[in-house]
Q: 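Here it is, the structure, as structure tokens.
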Amino acid sequence: MFGVEPEIPLSDEEFRLIRDLIYSHCGLYFDSDATYLLEKRLAKRLQLHQLSGFKDYYHFLKYNRKKDQELSDIMDILTTNETYFFREAFQLKAFTEEIIPSLREMKLKSGDRTLRIWSAGCSSGEEPYTIAMLLLDMGGFAGWNVEIVGTDISQRVIQQARKGLYGKSSFRVTDDSYIRRYFTEQDGMYRVNDKVRELVTISHLNLLDANRIAFLGRMDVIYCRNVIIYFDQVARRKVIDSFFRTLRDGGYLLLGHSESLMNISTAFTLKHLKNDMVYQKPLSGRVGGGP
Ligand SMILES: C[S@@+](CC[C@H](N)C(=O)[O-])C[C@H]1O[C@@H](n2cnc3c(N)ncnc32)[C@H](O)[C@@H]1O
């Protein structure tokens, strides 16, 4: 048929080589059920670089001088970026009614007027902007230095997050009052207002890059929701270990509702709040087994 490119098959050996290379770059782990998915998604890259097979593509990823750029580019087609505003309402309730009030009290006592929150794997930005809207609604931070840092490995979603322009599906569970107060309609889409954006910075970051993470500085709360489900246990441990080091003593780690630290880390305390169960870095610093 016209316009249909010839299929280039991905052998089991090529699958394993490419899969392992992707895994060591970013922690995403594809099991053998995903052979077809990788074959389909990467086929266009072979065309783009005029390569005749996946073995050549593997060599390109491993040795070409543009290998780093290629690995970065394929993150846009291999990551799952599903997200929306006000996702997991019960956890957000725990955040505004329990976590933030308790952190604020602790900080007021110590004279610390900073609040730093990291949305790790923020996709197109709905999560960090949700956090900003919640904090603006809470108020009580006049004179504080409040910062929400959103990071992701995909440049495509980072660009979207920086643009801050959203369509209907991002608002599937959003109360109209938030749209009225924090967005401006623009050509059938909604742009997040400056007072929300001012609290948020968006950067590119690979969660497996512990050196880069060290430069983020200390955080009070880390949101990492629906990200480590795509990693294997070894990569999960590495990332959680970095989170432990990044959190201030008494800081909180918020995972997705289907995720837990079971078999990953014993370093955090599981706190039973009224609205949710969350992980906290012990106040006295490191206790118990390592992450
Ligand atoms: C399903 S989205 C979750 C978005 C948001 N946290 C939420 O729960 O709505 C997962 C995001 O994690 C990002 N991600 C996957 N592996 C990553 C890595 N190694 N470093 C940074 N981000 C990563 C993906 O690009 C994707 O945007």
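We count ligands from 1, going down the list as the structure has it; atoms in each ligand are counted the same way. In what follows, every heavy atom counts, from backbone to side chain, and hydrogens, waters and symmetry copies are set aside.
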Q: Quick one: do Arg19 and Asp31 make a salt bridge, cutoff under 4.0 Å?
A: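 So Arg19 does not pair with Asp31 through a salt bridge.
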Q: Taking atom types as modelled and ignoring hydrogens, do the side chains of Glu14 and Ser11 form a donor-acceptor contact shorter than 3.5 angstrom?
A: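 A donor-acceptor contact under 3.5 Å links the two side chains.
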Q: Can you list the ligand 1 atoms lying under 4.0 Å from a non-hydrogen atom of Asn226?
A: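 The list of qualifying atoms is 1 (C), 2 (S), 3 (C), 7 (C), 8 (O), 10 (C).
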Q: Can a salt bridge be assigned to the pair Glu13 and Lys55 using a cut-off of 4.0 Å between side-chain N and carboxylate O?
A: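 Answer for the salt bridge query: yes.
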Q: For atom 7 (C) of ligand 1, what is the nearest protein heavy atom, given as residue, atom name and distance?
A: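 Going by distance alone, atom 7 (C) of ligand 1 is nearest to Arg87 NH1, 3.2 Å.
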Q: Quick check: does Gly27 get an N/O under 3.5 Å from an N/O on ligand 1?
A: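 No; every N/O pair is 3.5 Å or more apart.
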Q: If you have a sec, work out which protein heavy atom is nearest atom 4 (C) of ligand 1 and how many Å separate them, to one decimal?
A: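 Minimum-distance protein heavy atom for atom 4 (C) of ligand 1 reads Gly121 O, 3.3 Å.
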Q: Tell me the nearest of Ile158, Leu254, Val227, Thr130 to atom 12 (O) of ligand 1, using heavy-atom distances.
A: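 That would be Val227.
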Q: What is the nearest protein non-hydrogen atom to atom 22 (N) of ligand 1, stated with its residue, atom name and distance?
A: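 Of the protein heavy atoms, Ile153 N, 3.3 Å lies nearest.
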Q: Applying ring-ring contact (aromatic ring centres under 6.0 Å, His included), run through Phe85 and Tyr129 and close with a yes or a no.
A: CA-CA 8 Å; Phe85 290 105; Tyr129 291 133; 7.1 Å; no
Q: Against heavy atoms of Glu127, which atoms of ligand 1 measure under 4.0 Å?
A: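 Taking each heavy atom of Glu127 in turn, ligand 1 has 5 (C), 6 (N), 7 (C), 8 (O) under 4.0 Å.
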Q: Does ligand 1 have an atom under 4.0 Å from some heavy atom of Tyr223?
A: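 Not so, Tyr223 does not reach ligand 1.
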Q: I'd like to know if the side chain of Thr246 and the backbone of Ser242 have a donor-acceptor N/O pair within less than 3.5 Å.
A: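 The answer is yes, because a donor-acceptor pair under 3.5 Å joins these two groups.
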Q: Is Glu70 salt-bridged to Arg45, going by a charged N under 4.0 Å from an acidic O?
A: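 Looking at Glu70 and Arg45, the cut-off is met.
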Q: Does an N or O from Ser154, backbone or side chain, lie closer than 3.5 Å to an N or O of ligand 1?
A: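 Looking only at distances, the answer is no, because the N/O contact criterion of under 3.5 Å is not met.
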Q: Please classify the Glu82 to ligand 1 contact at 4.0 Å (heavy-atom distances, strictly less than): side chain, backbone, both or neither.
A: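 Within the 4.0 Å criterion, Glu82 contacts ligand 1 through backbone atoms alone.
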Q: Centre of Phe243's six-membered ring, under 6.0 Å away, within 45 degrees of the axis: is that where NZ or CZ of Arg245 sits?
A: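 No.
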Q: Salt bridge between Arg113 and Glu147, side-chain N to carboxylate O under 4.0 Å?
A: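 Between Glu147 and Arg113 there is no salt bridge, as every charged N stays at least 4.0 Å from the carboxylate O atoms.
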Q: Can you list the ligand 1 atoms lying under 4.0 Å from a non-hydrogen atom of Ser123?
A: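 Selected atoms, number and element: 4 (C), 27 (O).
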Q: Does NZ or CZ of Lys281 fall inside the cone over Phe244's six-membered ring, less than 6.0 Å from its centre and within 45° of the axis?
A: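 Yes, Lys281 and Phe244 form such a contact.
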Q: Please list, in number order, the atoms of ligand 1 under 4.0 Å from a heavy atom of Arg225.
A: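 Answer for ligand 1: 3 (C), 5 (C), 6 (N), 7 (C), 8 (O).
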Q: Using 4.0 Å as the upper bound for N to carboxylate O, is an ion pair formed by Glu127 and Arg87?
A: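 The answer is no: the pair does not qualify as a salt bridge.
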Q: Check this for me, if you would: do Asp220 and Arg116 make a salt bridge, where the nitrogen-to-carboxylate-oxygen distance has to be below 4.0 angstrom?
A: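 Result for this pair is no, no salt bridge flagged.
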Q: Do any nitrogen or oxygen atoms of Asn206 come within less than 3.5 Å of a nitrogen or oxygen of ligand 1?
A: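 Yes: some nitrogen or oxygen of Asn206 is under 3.5 Å from one in ligand 1.
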Q: Please indicate whether any nitrogen or oxygen in Leu207 is less than 3.5 Å from any nitrogen or oxygen in ligand 1.
A: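 N/O-N/O distance under 3.5 Å: yes.
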Q: What protein heavy atom sits nearest atom 19 (N) of ligand 1, and how far away is it?
A: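 It is Cys26 O, 2.8 Å.
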Q: Among all protein heavy atoms, pick the one closest to atom 25 (O) of ligand 1 and tell me residue, atom and distance.
A: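 Of every protein heavy atom, Asp152 OD1, 2.6 Å lies nearest to atom 25 (O) of ligand 1.
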Q: Would you say ligand 1 has an N or O under 3.5 Å from any N or O of Leu28?
A: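 No, Leu28 has no N/O under 3.5 Å of an N/O on ligand 1.
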Q: Does NZ or CZ of Arg104 come closer than 6.0 Å to the centre of the six-membered ring of Phe141, within 45° of the ring's axis?
A: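 Cation-pi check for Arg104 and Phe141: passes.
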Q: Below 4.0 angstrom from a heavy atom of Thr79, which ligand 1 atoms are there? Numbered from 1 as shown, please.
A: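 Going through ligand 1 atom by atom, the ones under 4.0 Å from Thr79 are 24 (C), 25 (O).
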Q: Compute the shortest N/O to N/O distance between Thr83 and ligand 1 and return yes if it is under 3.5 Å, no if not.
A: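 N/O-N/O distance under 3.5 Å: yes.
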Q: Heavy-atom contact under 4.0 Å between Leu205 and ligand 1?
A: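 Distance cut 4.0 Å: Leu205 passes for ligand 1.
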Q: So which protein heavy atom does atom 2 (S) of ligand 1 come closest to, and at what separation?
A: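 So the nearest neighbour among protein heavy atoms is Thr80 O, 3.3 Å.
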Q: Look at the rings of Phe54 and Tyr57 and say which category their plane angle falls in: under 30° parallel, 30 to 60° tilted, over 60° perpendicular.
A: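 Ring orientation, 0 to 90° scale: perpendicular.
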